[in-house]
Chemist: 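Okay, handing you the structure first.
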Amino acid sequence: MHDPFSAVRRYDPRAGTLSGAVPAERRLRELAGVFADDKAFAAACAAGNPLVYTVASAEPADGAGDLHYGIGTLYPGRVGAEFFQTKGHLHAMRDAAETYIGLRGKGLMLLEDERTGACTAQPLEANGIVYVPGFVAHRTVNTGNEPLVYLGVYPARAGHDYGTIAEKNFKQVVVERNGRVEVLARADVLASLR
Ligand code: F6R
Ligand code: MN
């Protein structure tokens with residue numbers, strides 16, 4: 001029988017591991033359509049299809065009031081000028097919020113409210129917390145030189161809607177230009193690649 005009190009897990013903020021969880025791996029090829037630069041994406045896939053991130057999740061229970069959580073480890077790297085990033089999603093249960101707690105490294109979260117179209121890039125880094133309200137699409141970007149490790153805690157019934165992002169993508173793109181991190185409009189980046 002399920003014991004609600006045997007709920008202690010250990011995590012390692014350097015390695016991004018969580019006891020009792022087998023991390024799901026996302027390699028570059030699974031991120032087709034995410035990056036702006038198609039040519040750079042194809043070249044990076046052909047050159048070894050690197051591991052971009054892992055997620056080690058815990059799903060203790062699935063009731064209406066329950067929580068799930070996961071440790072994400074997003075590796076440093078770029079496709080063309082664009083930093084490695086997650087697929088990004090909305091929650092299938094649209095009003096489900098999420099708390100992201102930075103454990104290691106340095107990056108940004110792209111947030112986009114699907115109701116208003118408002119978008120922003122907020123810092124996610126060790127010792128920082130980003131609250132993602134409901135109805136807000138979220139994507140994590142590693143802008144540093146070491147893995148970006150974070151803990152995400154969300155309603156058990158949140159679910160993941162990747163399809164909406166696959167169709168529309170995020171309005172903002174995070175690139176390295178002249179040694180600096182810049183958040184640009186996707187439309188401008190696409191125009192400059194033409
Ligand atoms: C869960 C959540 C995170 C992400 C993780 C990977 O709701 O937001 O645990 O799942 O950052 O990103 P995706 O799921 O977009 O591939
Ligand atoms: Mn989420």
Side-chain angles (χ1 to χ4, degrees), residues 9 11-13 15-18 20-35 41 49-62 64 66-77 79 82-115 119-126 128-144 147-174:
R9 302 268 196 136
Y11 71 91
D12 179 337
T17 51
L18 178 65
V22 179
E25 295 191 342
R26 290 273 175 269
R27 289 188 175 272
L28 189 59
R29 209 166 278 147
E30 295 166 72
L31 302 181
V34 165
F35 293 88
F41 176 77
N49 192 28
L51 180 61
V52 180
Y53 61 99
T54 62
V55 185
S57 306
E59 302 184 350
D62 293 320
D66 282 309
L67 299 172
H68 287 176
Y69 57 95
I71 303 232
T73 304
L74 177 57
Y75 291 98
V79 171
E82 199 173 351
F83 292 103
F84 274 10
Q85 58 199 318
T86 58
K87 265 188 174 188
H89 59 268
L90 284 147
H91 292 146
M93 190 177 99
R94 282 297 199 265
D95 60 355
E98 180 161 4
T99 300
Y100 271 70
I101 300 162
L103 304 175
R104 177 186 177 190
K106 192 174 165 54
L108 291 171
M109 283 193 82
L110 297 181
L111 303 177
E112 206 165 302
D113 190 319
E114 74 163 347
R115 297 165 303 182
C119 61
T120 182
Q122 297 293 323
L124 176 68
E125 53 198 30
I129 298 174
V130 178
Y131 182 72
V132 181
F135 300 92
V136 171
H138 43 289
R139 166 178 284 167
T140 311
V141 183
N142 187 345
T143 58
L148 173 63
V149 182
Y150 53 89
L151 171 68
V153 185
Y154 49 97
R157 296 186 177 176
H160 293 89
D161 168 9
Y162 292 103
T164 304
I165 292 304
E167 258 174 48
K168 287 181 50 182
N169 217 329
F170 284 74
K171 287 181 192 159
Q172 292 178 307
V173 170
V174 189

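Order of listing sets the numbers, starting from 1, for every ligand and every atom in it. The basis for the numbers below is simple: all heavy atoms, side chains too, and nothing from hydrogens, waters or symmetry mates.
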Chemist: Would one find an N, O or S atom of His89, in either backbone or side chain, under 2.8 Å from the Mn ion (ligand 2)?
Modeler: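 Yes, since at least one N, O or S atom of His89 sits under 2.8 Å from the Mn ion (ligand 2).
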
Chemist: Checking one value in my table: which N/O/S atom of Glu98 lies closest to the Mn ion (ligand 2)?
Modeler: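 Nearest N/O/S atom: OE1.
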
Chemist: Identify the closest protein heavy atom to atom 10 (O) of ligand 1: which residue and atom is it, and at what distance?
Modeler: His89 CE1, 3.8 Å

Chemist: For His89 and His138, test the side chains for any donor-to-acceptor distance below 3.5 angstrom and give the result as yes or no.
Modeler: yes

Chemist: Does at least one non-hydrogen atom of Gly88 fall below 4.0 angstrom from an atom of ligand 1?
Modeler: yes

Chemist: Atom 14 (O) of ligand 1: which protein heavy atom is closest, and how many Å away?
Modeler: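 For atom 14 (O) of ligand 1, the nearest protein heavy atom comes out as Tyr162 OH, 2.5 Å.
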
Chemist: In the protein, which heavy atom is nearest to atom 2 (C) of ligand 1, and how far is it?
Modeler: Glu98 OE2, 3.0 Å

Chemist: Write out the residue and atom name of the closest protein heavy atom to atom 11 (O) of ligand 1, then the distance separating them to 0.1 Å.
Modeler: Tyr150 OH, 2.6 Å

Chemist: Check ligand 1 against His138 and write out every atom of the ligand that is under 4.0 Å from a heavy-atom position of the residue.
Modeler: 8 (O)

Chemist: Once rounded to 10°, what is the value of the angle centred on the Mn ion (ligand 2) between His138 NE2 and His91 NE2?
Modeler: 100°

Chemist: Tabulate below the donor-acceptor pairs under 3.5 Å that side-chain atoms of residues 27-35 make, not counting sequence neighbours, or state none.
Modeler:
unit_1 : atom_1 : unit_2 : atom_2 : d
Arg27  : NH1    : Asn49  : O      : 3.3
Arg29  : NH2    : Cys45  : O      : 3.2
Glu30  : OE1    : Arg26  : NH1    : 3.1
Glu30  : OE2    : Arg27  : N      : 2.9

Chemist: What I want to know is whether Tyr100 and ligand 1 share at least one N or O pair that is separated by under 3.5 angstrom.
Modeler: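 In this structure, Tyr100 places an N or O atom under 3.5 Å from an N or O of ligand 1.
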
Chemist: Salt-bridge test for Arg94 and Glu114: reply yes if a basic N is under 4.0 Å from a carboxylate O, no otherwise.
Modeler: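 A salt bridge is present here (some side-chain N lies under 4.0 Å from a carboxylate O).
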
Chemist: Going by the atom numbers of ligand 1, which of them fall below 4.0 Å from some non-hydrogen atom of Val55?
Modeler: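 Contacts of ligand 1 toward Val55, numbered from 1: 5 (C), 6 (C).
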
Chemist: Can you tell me the protein heavy atom closest to atom 16 (O) of ligand 1 and the distance?
Modeler: Tyr53 OH, 2.5 Å

Chemist: Identify, for atom 12 (O) of ligand 1, the protein heavy atom at the shortest distance, and state residue, atom and that distance.
Modeler: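 Looking only at protein heavy atoms, the one closest to atom 12 (O) of ligand 1 is Thr86 CB, 3.6 Å.
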
Chemist: Checking ring pair (Phe, Tyr, Trp, His ring centres under 6.0 Å) for the pair Tyr150/Tyr100: CA distance, chi angles, key distance, verdict?
Modeler: CA-CA 7 Å; Tyr150 53 89; Tyr100 271 70; 5.2 Å; yes

Chemist: Where on His91 is there a heavy atom closer than 4.0 Å to ligand 1, on the side chain, on the backbone, on both, or on neither?
Modeler: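 For His91, only side-chain atoms sit under 4.0 Å from ligand 1.
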
